[in-house]
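Here's the structure, in structure tokens; my notes come after.
Both counts, for ligands and for their atoms, begin at 1 and track the order of listing. Hydrogens, waters and symmetry mates are skipped; everything else that's a heavy atom, side chains included, is used.
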Amino acid sequence: MADELTIVHVLPDLLGTYGDRGNVLALTHRAEARGVACRVVEVGLDERVPRTADLYVLGGGEDSAQLLAARTLLADDLVAAVLGAHTTLAVCAGLQLLAHGFEDSTGTRHQGLGLLDVECGRLEERAVGEVVTEPVDLPEVPSLTGYENHRGSARLHGSARPLGRVVAGVGNGHDDLEGVQQGHVIATYLHGPVLVRNPALADLLLSRAAGPLPEYEDPEVEELRKERLDVADPRRRRRHLLGY
Ligand code: GLN
């Protein structure tokens, strides 16, 4: 296990809706609880994304902020390679930015970084509410709980695999799947913040970045998880698909 970790928070001023900043707090809290010191680097609009950190985090954003983030990140030829080479978490707008492309509110397609083999379109209606998914091929991670608020969808191709299968909620809007796993990247539509609600996912990212971690349980978080898992309504998915 490393004794120090550098976490890069990419464009937190643009990509930070629904408390997504909390993902970085969850990572630092859970790392420091195991004696791993954390250095958090926040990348501002005029700053270059550092090339060699341990973990990179992108949050969600409104459409206009997302477009500005896309322009900023695409101006740096190396960003896709840097994120692709390191453990990266991308949430909602962050997921869409790493895809080949995404659509704005007028249906115009915009280029993404093309790091994920994913194309993001538009859902018929905005997806808003509690989500529960079952993680795919991640035996150490129990059911994921989150909150979604997005119009974008995500269609997975080639080597992009889902993060979870939808139990309640909408997720990617295709094939009952939610999120993406590809290479070192985990991407999801889940806010919550997702790493606060799902400490096992935070630990998965930390262990990929820093090596194996000792156990650490936080009873308050377990209570929050249980409460959120209980309120999610599996019928919301069906209602959404049926359009009423
Ligand atoms: N603007 C994007 C959408 O509506 C992302 C929203 C978000 O990050 N919450 O799909």
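- With respect to atom 2 (C) of ligand 1, the closest heavy atom belonging to the protein is Gln66 OE1, 3.2 Å.
- Given atom 5 (C) of ligand 1, the protein heavy atom at minimum distance is Gly61 O, 3.4 Å.
- Atom numbering of ligand 1 starts at 1 in the shown order; those under 4.0 Å from a heavy atom of Gly60 are 8 (O).
- Between Val131 and Tyr189, every side-chain heavy-atom pair lies at or beyond the 4.5 Å cut-off.
- Exactly one of Val82, Asp76, Asp77 qualifies for a side chain to side chain contact (heavy atoms under 4.5 Å, CB included) with Val79. That residue is Asp76.
- Here the shortest heavy-atom distance to atom 10 (O) of ligand 1, taken over Ser64, Gly94, Ala93, Gly152, belongs to Gly152.
- By the 4.5 Å heavy-atom criterion applied to side chains, His110 and Arg71 are not counted as neighbours.
- In terms of protein heavy-atom proximity, atom 1 (N) of ligand 1 is closest to Asp63 OD1, 2.5 Å.
- The part of Asn149 lying near ligand 1 is the backbone, judged by heavy-atom distances below 4.0 Å.
- Proximity of Arg21 to His9: side-chain heavy atoms (C-beta onward) are separated by under 4.5 Å at one or more points.
- Within the 4.5 Å cutoff, no side-chain heavy atoms of Leu58 are placed close to those of Leu11.
- Taking each heavy atom of Ala65 and Leu14 in turn, the nearest pair found is CB-O, 3.5 Å.
- A donor-acceptor pair shorter than 3.5 Å can be found between the side chains of Arg126 and Asn149.
- For atom 7 (C) of ligand 1, the closest non-hydrogen atom of the protein is Cys92 SG, 2.8 Å.
- For Tyr18, the closest heavy-atom approach to ligand 1 falls below 4.0 Å.
- Comparing Gln96, Glu148, Arg151 against atom 4 (O) of ligand 1, the shortest heavy-atom distance belongs to Arg151.
- Between Tyr189 and ligand 1, not a single N/O pair is under 3.5 Å apart.
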